[in-house]
Every structure is written in C-alpha cells, then in structure tokens.
Number of protein chains: 2
Amino acid sequence: MNKMQVPIENHHFPWDHPRFRSWIAVARACQLMQQSLSRRLTHLDIKPPHLDILVNLYRFDGITQQELARKLLVGRSNMSMLLPQLEKRGLIERRGDARDKRVLRLSLTPTGRTLTEEAMEIQTALIESSHGGTPIEDCVKVAEAMEQIIATLLKEDDLPAGG
Amino acid sequence: MNKMQVPIENHHFPWDHPRFRSWIAVARACQLMQQSLSRRLTHLDIKPPHLDILVNLYRFDGITQQELARKLLVGRSNMSMLLPQLEKRGLIERRGDARDKRVLRLSLTPTGRTLTEEAMEIQTALIESSHGGTPIEDCVKVAEAMEQIIATLLKEDDLPAGG
DNA sequence: ACATATTTGTACAACGATGAACAAAATGCA
DNA sequence: TGCATTTTGTTCATCGTTGTACAAATATGT
C-alpha cells in the first residue's frame, strides 16, 4: 500500500492517469495476443477473425449473418466477404430460411467442427499460458471491469455499420 | 465467495474456463473502445492508429520510424505508409539524421502538437467515462494482469514484421 | 390491397496492416 | 582495405474491415 508515494495528484499528461495507463496495457495485451494467436493458427490456414466466426457457429448453430455480425461487433458487409470463403473451403454451410427468404442460416460442416475444436484448443492453451501466475480471482476482477466498460460503450454508441 | 457454486470442475468448452471468459471480455471491450474512439476523432480527421503515432511523437520527440514501429507493435512498412500522410498534412516532420543517413527522425509540428493535445483529451475523457464505477484499485489490478500477459507474450513471440 | 419503411444480404471503393522483396547505409570481421 | 552481414526505410501485392449504395423480402400503417 506504500509503493511510489505521490505527494500531489499531478496529472498533467494522460499517461499519468491510472485508468489511462491501465487501458494502454489492456490494448497492448490485446494486440500481442491477437498476433500470437494469428501465428499459432497458420498451420490451420485460418486467422483470428475466422476463428471468431467458427466459434460462434459452434455455439449458436443456425444463426443468421446479421446476428453473427452483431455478436462479433462488425459490419454485415464483413460477413458477406468472409463467409463465402469459409463456405468454399467446406467449413460452413449457408442455407436459406423457408419462413424468411432474406436470411441465410449458418452451420458448421463436420470438417468445420473438427477444425474449430482444434483451433479452440490452441486458443485456450495460449490464453492459459500467457496468463502465467495471475490467479483466477484476479481474472474475475478483470472480467468485471471489462463488463462495466462493455456495458457503458454499448449504451452510448450505436452498433457499427448499419446498412 | 459463495456465488454460483460449481460442484465439479466441468470445463468441457473453452467458454467455461474463467480465464477464457475473462479474455473474451477484454477483447470485446478493446474492440468497442476502438470503435467509440474512432467516432469521436472523426471531426479531427484522424483515426486511432494516427493518434497512437502522434502520442508517441508527443512523448518521444526525435524518435525514428523503427523505434516507433516497435513501440506500436506494428511493422515498419506500416509506418512507411502512414507517416507520409501525416507529414503532408503538416502534423509531423521527418528530418534525416546526420550521423546515420539511414534513419529519419520524427517530430511534431506546432499544429500537430495542438491537434494531439486535443485528441488526447478526447481519449482520456472516453476512458474515464467508460470505466464508470470501476474503482482505481481495480484498474491497478487490471494493469497488473495485463502486464503479466504482455511480458509473457513479448518473451515467447518475436516482434512482428521483421524486414 | 397498397404504399411506405425496415430488415437482410451483396457489391464496391477506400483504408489500415501485413509480409516479402528491394536499395542504401552502417557495422563487423578478415 | 574489402567483403559479408545487419539495419533502416520503401514498395508492392494481399487481406481484413468499413461505409455506402443497392436489390430483394418482409413488416407496418392506412
């Protein structure tokens, strides 16, 4: 409780603010994790964005492109670019809905499911190992802080890329 | 200490792991923060990547492109694409070093410094407000966890984009 | 029923980021 | 000195992401 005692609250620069410094660390960690994950997925010939898609199809079978885009916080056009690639590779399927002829319902093929499980193991291993000595209870604290931020930003800001 | 008691460690799926769930929240918060910041910077006609550059020139005047790229965890080619834009807009200057004719030393122009200060205020305000009720001590906890991850990933992985 | 508005997916141009290949300058070693 | 290696920045093709514009299907309101 007594480390680096600061006599006066002397916050002239952003990087002197505790919250600012904390957030910079979050952003850097995210960037490094993304890069590291990207390298570990090369032999599966997918990248983090594809994995995000696959994992969501793994959890939510039959989801639509719109719902998927909302979950991933990206634009619909993004899905329109990436999903045909995964479809051509035989990892996913897109079937039209009988009720609503606008939507395409997405699901994993057996090949896609196998690949997703393999990739998820890689991701889990990376996350576990990079957290090193950080105790679980601290991770829970982190999650709470992040959920707070997520909730705030989701309220303030409209979702990206409407149409 | 007694919430949601789990009888057996039953981690069949990645999203059942506390660390995994925590990290997903981190990634989502990052993504939303980036998008929100991007919108708030539109009237200054810059985006988060540009702001990262400007802030680093603000702190480290006379830095080289290589050093800047390392700090930002991006490739050198990235700087070669972005810096000429900022130079043409009169926000930064690139002067050759007399000792080492390979390097270009970067610095902010008065215009660039003013714009940077303006943008940093926006970023600081966004970070502060989105953290809402999260106490400072929790932010310190977050920072510690992130530094742990950063240290681990910087050791394991080589920096991106060699040459 | 009909006109209007909203929703869902696509096409396209623009931009940031990457990695590889390259030229110029500096460094190391013999 | 001379030659190989390393470092610094650029160029280029490629890819993921965005926002806009657009067509088709659905929902809403009169």
Side-chain angles (χ1 to χ4, degrees), chain A residues 27 30-32 34-39 41-42 45-54 62-89 92 94-106 157-163, chain B residues 30-32 34-39 41-42 45-53 62-89 92 94-106 157-163:
Chain A
C30 252
Q31 215 176 337
L32 283 168
Q34 191 92 342
Q35 291 171 358
S36 183
L37 178 62
S38 188
R39 278 178 233 126
L41 291 176
T42 46
D45 202 29
I46 61 174
K47 292 185 178 175
H50 306 115
L51 179 54
D52 284 341
I53 292 174
L54 294 173
I63 199 177
T64 70
Q65 295 192 184
Q66 168 80 322
E67 292 165 345
L68 182 56
R70 286 183 74 85
K71 281 183 185 300
L72 299 180
L73 301 171
V74 299
R76 289 190 315 253
S77 51
N78 192 1
M79 298 295 97
S80 279
M81 305 288 276
L82 297 185
L83 292 174
Q85 302 176 8
L86 298 176
E87 192 180 25
K88 289 191 184 79
R89 287 180 55 186
I92 72 170
R94 300 200 291 173
R95 274 190 302 289
D97 189 312
R99 282 26 144 175
D100 192 336
K101 290 172 194 161
R102 293 172 299 180
V103 312
L104 292 176
R105 303 227 160 255
L106 309 170
D157 306 327
D158 256 358
L159 293 187
Chain B
C30 251
Q31 214 176 336
L32 283 168
Q34 193 92 344
Q35 291 171 359
S36 182
L37 178 62
S38 188
R39 275 177 236 125
L41 290 176
T42 45
D45 201 30
I46 61 174
K47 292 185 178 173
H50 307 115
L51 178 54
D52 284 341
I53 292 174
I63 199 177
T64 69
Q65 294 192 186
Q66 167 80 323
E67 293 164 345
L68 182 58
R70 287 184 72 85
K71 280 183 187 301
L72 298 180
L73 301 171
V74 299
R76 290 191 312 256
S77 52
N78 193 0
M79 296 297 98
S80 279
M81 305 288 277
L82 297 186
L83 292 175
Q85 301 176 7
L86 298 176
E87 191 180 26
K88 288 191 185 78
R89 286 180 55 188
I92 71 172
R94 301 200 289 174
R95 273 190 304 288
D97 189 312
R99 272 50 135 164
D100 191 338
K101 290 173 194 161
R102 294 172 301 181
V103 312
L104 292 177
R105 304 224 159 257
L106 309 169
D157 307 328
D158 256 359
L159 292 189

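So that the names make sense, note that chain A is the first sequence line, chain B the second, and so on, each numbered from 1.
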Distance in angstrom units between [X] [atom1] and [N] [atom2], rounded:
X         : N       : atom1 : atom2 : value
Arg89(A)  : dC15(D) : CZ    : C1'   : 14 Å
Met79(A)  : dG16(D) : CE    : C1'   : 10 Å
Glu87(B)  : dT10(D) : CD    : P     : 9 Å
Leu51(A)  : dC15(D) : CG    : P     : 19 Å
Leu83(A)  : dT10(C) : CG    : P     : 8 Å
Arg105(B) : dT7(D)  : CZ    : P     : 16 Å
Gln34(A)  : dG16(D) : CD    : P     : 12 Å

Would you say the side chain of [X] and the base of [N] hold a donor-acceptor pair, judged only by whether the two atoms sit under 3.5 Å apart?
X         : N      : answer
Arg76(A)  : dG9(C) : yes
Ser80(A)  : dG9(C) : no
Arg102(B) : dT7(D) : yes

Pairs under 3.5 Å (N/O, protein and nucleotides 14-16 of chain C):
{"unit_1": "dG16(C)", "atom_1": "OP1", "unit_2": "His50(B)", "atom_2": "NE2", "d": "3.2"}
{"unit_1": "dG16(C)", "atom_1": "OP2", "unit_2": "Gln85(B)", "atom_2": "NE2", "d": "3.4"}

Report task. Taking all heavy atoms of Ile63(B) and all of Leu68(B), pick out the closest pair and write down the distance. Result ->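 Scanning both residues, the minimum pair turns out to be CD1-N, 3.7 Å.
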
Query raised in the report: Which atom names give the shortest non-hydrogen contact between Arg89(A) and Asp45(A), and what distance separates them?
Result: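 In this case the closest contact between Arg89(A) and Asp45(A) is NH1-O, 2.7 Å.
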
Under 4.0 Å from OP1 or OP2 of [N]: is there any side-chain N or O of [X] that close?
X        : N       : value
Gln66(B) : dT8(D)  : yes
Gln35(A) : dT18(C) : yes
Arg70(A) : dT8(C)  : no

Query raised in the report: Contact class for Arg99(A) vs. all strands (heavy atom < 4.0 Å): base, sugar-phosphate, or nothing?
Result: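 Here Arg99(A) touches the backbone only, sparing every base.
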
Query raised in the report: What nucleic acid atoms does Arg94(A) come within less than 4.0 Å of, heavy atoms only: base, sugar-phosphate, or nothing?
Result: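 Touches sugar-phosphate only.
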
Query raised in the report: Who pairs with Glu87(A) by salt bridge (Lys or Arg N to Asp or Glu O under 4.0 Å), at least two apart in sequence or on another chain?
Result: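 Expected list: Arg94(A).
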
Query - Residue pair Gln85(B), Lys88(B): steps toward the side chain to side chain contact (heavy atoms under 4.5 Å, CB included) verdict - result: CA-CA 5 Å; Gln85(B) 301 176 7; Lys88(B) 288 191 185 78; 5.9 Å; no

Query raised in the report: What's the spacing between Asn78(A) CG and Gln65(A) CD if we round to 0.5 Å?
Result: 10.5 Å

